[in-house]
A.B. asks: 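Can you read through this structure? Questions will come right after.
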Amino acid sequence: MSTIKTKLVDQNITVTNAPNIYSGDVNTDNVVFEFDESWEGFTKSAVFYRNPKERYLQLLKNDQCVIPHEVMGDEGKVVIGVFGVNDDKVITSEVLYYDIGKGAVVSDEMPEPTPDIWAQILADYHLILLKTAEFTNQITSDFKQFKTEVNKILEDRAEVIHVMDEQSYIEVQDRIKGHLYFNTTKRESGVTDGTIAVSPNMRLKVIEH
């Protein structure tokens with residue numbers, strides 16, 4: 001596998017790594033693009049062709065793509081360029097001509113055609129939907145498990161926490177070790193800050209000032 005490396009400054013493109021590539025390769029040769037800040041925010045695609053009337057577009061992923069096999073059938077020059085789209089804005093690069101050497105013919109069978117740009121976008125969109133569905137299912141499953149655990153904790157706590165009205169009282173000797181006993185109160189007289197104090201017998205009462 002060979003990788004052509006390029007660098008784009010504004011709309012100018014230069015090759016920074018130029019390996020020898022030969023005709024007949026299928027989905028084994030890549031082009032990596034390094035962009036400056038002028039390309040930020042743009043969805044970028046590469047264009048490859050020998051005949052201007054037969055162009056092949058590749059949506060960039062991580063600023064790189066595979067060279068379409070349709071332009072690798074014969075030796076000669078392949079034209080490579082890139083463009084970006086951001087809403088109603090379009091930015092294009094100049095094109096470069098890359099030499100393809102003559103390779104050994106290993107098969108007369110034609111590989112599957114390279115998907116057009118819309119097919120690539122739809123494939124990515126479908127993958128996003130699948131990943132979103134998987135994430136949603138995982139979140140739902142995790143939430144159900146969390147809810148179950150919380151309910152179990154609340155049920156366990158409900159058995160050891162006893163909340164009574166203000167007039168109720170359980171003698172110390174009748175209390176169960178490890179359980180908590182509270183009394184509620186509605187008294188508000190003399191209160192300025194709403195502070196609540198707990199008496200030694202676990203009754204709740206408003207601090208009087």
A.B. asks: Looking only at atom types and distance, does a side-chain atom of Arg55 sit under 3.5 Å from a main-chain N or O of Tyr49, one as donor and one as acceptor?
C.D. replies: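 Not confirmed, Arg55 side chain does not pair with Tyr49 backbone.
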A.B. asks: Begin from the C-alpha positions of Val78 and Arg50 and carry the test side chain to side chain contact (heavy atoms under 4.5 Å, CB included) through to its verdict.
C.D. replies: CA-CA 5 Å; Val78 171; Arg50 288 176 183 259; 3.7 Å; yes
A.B. asks: Please verify the inter-ring angle class for Phe35 with Trp39; under 30° counts as parallel, over 60° as perpendicular, anything in between as tilted.
C.D. replies: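 The arrangement is tilted - the two ring planes meet at 30° to 60°.
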A.B. asks: Measure across Thr16 and Thr6 and return the closest heavy-atom pair with its distance rounded to 0.1 Å.
C.D. replies: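 The answer is OG1-N, 3.9 Å.
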A.B. asks: Same hydrophobic cluster for Val85 and Val95, using side-chain heavy-atom links shorter than 4.5 Å among ILVMFWY?
C.D. replies: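 Val85 and Val95: one cluster.
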A.B. asks: I need the Ile13 CD1 to Lys7 NZ distance, nearest 0.5 Å.
C.D. replies: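 Between atom CD1 of Ile13 and atom NZ of Lys7 there are 12.5 Å.
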A.B. asks: Enter the distance from Asp36:CG to Asp10:CG here, rounded to the nearest 0.5 Å.
C.D. replies: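 The CG atom of Asp36 sits 6.5 Å away from the CG atom of Asp10.
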A.B. asks: Can you confirm whether Thr92 sits close enough to Val90 that some side-chain heavy atom of one is under 4.5 Å from a side-chain heavy atom of the other?
C.D. replies: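 A side-chain contact under 4.5 Å exists here.
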A.B. asks: Quick one: are Pro19 and Ile4 in side-chain contact, heavy atoms under 4.5 Å?
C.D. replies: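 Yes; the side chains approach each other to less than 4.5 Å.
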A.B. asks: Report yes or no: does Ser23 contribute a side-chain atom to a donor-acceptor pair with the main-chain N or O of Gly103 at less than 3.5 Å?
C.D. replies: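 Checking the backbone N and O of Gly103 against the side chain of Ser23, a donor-acceptor pair under 3.5 Å is found.
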A.B. asks: Hydrophobic clustering (ILVMFWY, side-chain heavy atoms < 4.5 Å, transitive) - are Phe48 and Val32 grouped together?
C.D. replies: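 In one cluster with Val32: Phe48, no.
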A.B. asks: Do side-chain atoms of Asp63 reach the backbone of Glu34 as a donor and acceptor pair under 3.5 angstrom?
C.D. replies: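 It does not hold such a pair.
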A.B. asks: Check for me, please, whether Val9 and Val82 land in the same ILVMFWY cluster - side-chain distances under 4.5 Å, paths through other members count.
C.D. replies: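 No; Val82 is not reachable from Val9 via cluster members.
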A.B. asks: Would you check if the side chain of Asn62 reaches a backbone N or O of Gln64 as a donor-acceptor pair within less than 3.5 Å?
C.D. replies: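 Side chain of Asn62 to backbone of Gln64: no pair is present.
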A.B. asks: Nearest 0.5 angstrom please: Lys44 NZ to Phe83 CZ, how far?
C.D. replies: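 One gets 12.0 Å once the value is rounded to the nearest 0.5 Å.
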A.B. asks: So, for Gln58 and Val66, which heavy atoms are closest and what is the spacing to 0.1 Å?
C.D. replies: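 That would be NE2-O, 2.9 Å.
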A.B. asks: What distance separates Glu75 CD from Asp99 CG, expressed to the nearest 0.5 Å?
C.D. replies: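 Nearest 0.5 Å value for the CD-CG distance: 10.0 Å.
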A.B. asks: Considering only heavy atoms from C-beta outward, does the side chain of Phe33 approach that of Ser93 to under 4.5 Å?
C.D. replies: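 Phe33 vs Ser93: side chains apart.
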A.B. asks: For the residue pair Lys5 and Val15, establish whether any side-chain heavy-atom pair is separated by less than 4.5 Å.
C.D. replies: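 Of all side-chain heavy-atom pairs linking Val15 with Lys5, none is under 4.5 Å.
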A.B. asks: Could you tell me whether the side chain of Val71 reaches within less than 4.5 Å of the side chain of Val79, counting heavy atoms only?
C.D. replies: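 No, every pair of side-chain atoms sits at 4.5 Å or beyond.
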A.B. asks: Drop me the distance from Asp29's CG to Ser2's OG, to the nearest 0.5 angstrom.
C.D. replies: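 If we round to the nearest 0.5 Å, Asp29:CG and Ser2:OG are 5.0 Å apart.
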A.B. asks: Is it possible for you to say whether Leu8 and Ile91 belong to one hydrophobic cluster, with membership spreading through side-chain heavy-atom contacts below 4.5 Å?
C.D. replies: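 Same cluster.
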A.B. asks: Can you tell me how far apart CG (Asp25) and CE (Met72) are? Round to the nearest 0.5 Å.
C.D. replies: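 CE of Met72 is found 4.5 Å from CG of Asp25.
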A.B. asks: Treating Ile, Leu, Val, Met, Phe, Trp and Tyr as nodes and any side-chain heavy-atom pair under 4.5 angstrom as an edge, say whether Leu96 and Ile67 lie in one connected cluster.
C.D. replies: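 Linked, Leu96 and Ile67 end up in one cluster.
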A.B. asks: For the pair Asn20 (side chain) and Gly101 (backbone), establish whether a donor and an acceptor sit closer than 3.5 Å, ignoring hydrogens and angles.
C.D. replies: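 No: the side chain of Asn20 does not pair with the backbone of Gly101.
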